[in-house]
2 protein chains.
Amino acid sequence: MNQELELVESMDKLSVLVHKFQTELLNGELKEYTLRQLYYIELIDKHEGISVSEISKTLELKKSTISIAINQLIELGIVTKIQSNTDKRFYFLKLTSKGKNIMKLHKQVHKNTIKKIINSLNPKEVESFIKIVDKIAVLDL
Amino acid sequence: MNQELELVESMDKLSVLVHKFQTELLNGELKEYTLRQLYYIELIDKHEGISVSEISKTLELKKSTISIAINQLIELGIVTKIQSNTDKRFYFLKLTSKGKNIMKLHKQVHKNTIKKIINSLNPKEVESFIKIVDKIAVLDL
DNA sequence: ATATATAGTTTTATCAAACTAACTATTATA
DNA sequence: TATAATAGTTAGTTTGATAAAACTATATAT
């Protein structure tokens with residue numbers, strides 16, 4: 001069979017898989033948060049000190065959208081902002097201990113899933129998969 | 001490095017990739033439709049004659065949700081319903097020529113992306129990727 | 001000193017997507 | 001035949017995500 005067609009199907013299957021991977025988060029202890037919220041939390045975890053404007057540029061969403069979302073997380077005690085000394089217009093965002101705990105749970109859920117994937121593949125396949133994903137992840141689709 | 005951690009990153013990268021793959025559809029000629037609509041259209045294309053109830057069960061969404069979404073597609077001239085002769089409560093859903101054309105465009109967009117992916121990998125990697133995805137797609141995460 | 005730009009907030013509004021509940025029409029069953 | 005169940009619709013609502021526009025506060029440049 002044509003590799004092109006097979007690959008289209010693979011992408012379909014991956015879409016389903018990724019969707020499962022993500023929505024798993026909405027079952028356990030994290031079910032009170034939306035995927036969007038968990039995504040913002042992850043972003044702040046990965047880029048501690050990021051600002052509302054930077055998030056806005058990264059995600060190509062309006063500042064107002066981000067501002068509202070982040071302030072909601074602040075009200076929930078998940079995120080704090082620290083005003084910059086050098087430029088008082090800036091606020092550095094970071095996770096509170098509650099936020100860090102959410103990230104911990106988040107990572108744990110994913111880790112459990114990853115284990116299932118690893119168990120279903122042999123080590124060579126895992127290696128190969130990681131390598132291939134690295135190659136296609138940098139593509140400018 | 002720990003394979004588990006690497007795989008977590010791979011899944012993150014895949015999430016981004018799949019998201020790009022999907023939202024590409026919202027750029028060109030298909031931009032007037034939502035991803036959800038394109039998804040329903042794809043579902044009806046793949047399962048011609050499917051009913052509202054069947055979609056509802058498959059997607060685990062309420063019948064009313066599906067009914068509204070499908071009727072919207074009918075109003076847009078993308079889908080038609082044909083009442084069953086044997087059980088008049090049933091309506092078989094299928095795409096109109098407009099709907100089929102949308103699917104054609106949809107597939108074309110994906111095909112172009114797939115080409116980029118294929119070009120970035122060697123044939124052995126493509127084969128390997130397809131095989132691995134098949135294995136993990138059937139997992140019950 | 002004044003004008004301009006930037007960071008972030010607030011208000012108001014819109015939209016998609018989902019839900020519940022009550023409904024009609026049809027079919028199956030006790 | 002009367003009652004249950006099923007397919008689909010309709011009305012009304014809720015939630016989450018987004019945007020535009022007007023705003024405050026601060027910083028930069030002329």
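All chains are named by letter (A, B, ...) in the order of the sequence lines, taking the proteins before the strands, and each is independently numbered beginning at 1.
- OP1 or OP2 of dG8(D) lies within a sub-4.0 Å distance of a side-chain N or O belonging to Ser53(B).
- Atoms CD (Gln72(B)) and P (dA17(C)) sit 8 Å apart, rounded to a whole Å.
- Within 6.0 Å of CD in Glu29(B) there are 12 or fewer heavy atoms belonging to other residues, nucleotides or ligands.
- The backbone N or O of Glu6(B) sits nowhere less than 3.5 Å from a side-chain atom of Glu9(B) that would complete a donor-acceptor pair.
- Base pairing of dA20(D) is made with dT11(C), judged by Watson-Crick or G-U wobble geometry with both donor-acceptor distances under 3.5 Å.
- Look at CG on Leu35(A): it is 17 Å from C1' on dT18(D), rounded to the nearest Å.
- Ion pair Lys131(B)/Glu125(A) not flagged as a salt bridge, since none of the NZ, NE, NH1 or NH2 atoms sits closer than 4.0 Å to an Asp/Glu carboxylate oxygen.
- Salt bridge absent: Lys100(B) and Asp45(B) never bring a charged side-chain N and a carboxylate O closer than 4.0 Å.
- Backbone-only contact: Tyr40(B) has heavy atoms under 4.0 Å from sugar-phosphate atoms and none from a base.
- At the heavy-atom level, Ser51(B) lies under 4.0 Å from the strands shown only through sugar-phosphate atoms.
- The residue Ser67(A) sits close to a base: some heavy atom pair falls under 4.0 Å.
- Nucleotide dA17(D) holds its C1' atom 19 Å from the NZ atom of Lys63(A), rounded to whole Å.
- Here the side chain of Lys81(B) is nearest to one of dA27(D), dG8(D), dT9(D), namely dT9(D).
- dT28(D): Watson-Crick or G-U partner is dA3(C), with both key distances under 3.5 Å.
- As rounded to whole Å, 13 Å separates atom C1' of dA28(C) from atom CZ of Phe90(B).
- Side-chain proximity of Tyr91(B) to the nucleotides dT18(D), dA5(D), dG8(D) is greatest for dG8(D).
- With the nearest nucleotide of DNA chain D identified for both Asp87(A) and Glu54(B), Glu54(B) has the one nearer the 5' end.
- The residue Thr65(B) sits close to a base: some heavy atom pair falls under 4.0 Å.
- Tyr39(A) comes within 4.0 angstrom of no nucleic acid atom, judged by non-hydrogen atoms across all strands.
- Residue Arg89(B) places its side chain closer to dT27(C) than to any other of dT10(C), dT6(C), dT27(C).
- In this structure, a donor-acceptor pair under 3.5 Å is present between the side chains of Thr86(A) and Ser84(A).
- Remark: P of dA7(D) and CD1 of Ile66(B) are 14 Å apart, rounded to the nearest angstrom.
- Base orientation of dA13(C): anti, since the glycosidic angle falls outside 90° of 0.
- When the P atom of dA17(C) is taken as reference, atom CG of Leu38(B) falls 10 Å away, rounded to whole Å.
- Taking atom CD of residue Gln83(A) and atom P of nucleotide dT26(D), one finds them 7 Å apart after rounding to whole Å.
- Across all strands shown, Lys62(B) has heavy atoms under 4.0 Å from base atoms, whether or not it also approaches the sugar-phosphate.
- The side chain of Ser64(B) lies closest to dA11(D), out of dT26(C), dA20(D), dA11(D).
- The side chain of Thr34(B) lies closest to dA17(C) when the candidates are dA17(C), dA5(C), dT27(C).
- Donor-acceptor pairing under 3.5 Å is recorded for the side chains of Ser128(A) and Ser128(B).
- Across the protein-nucleic acid pair, Leu61(A) atom CG and dA17(D) atom P stand 11 Å apart, rounded to whole Å.
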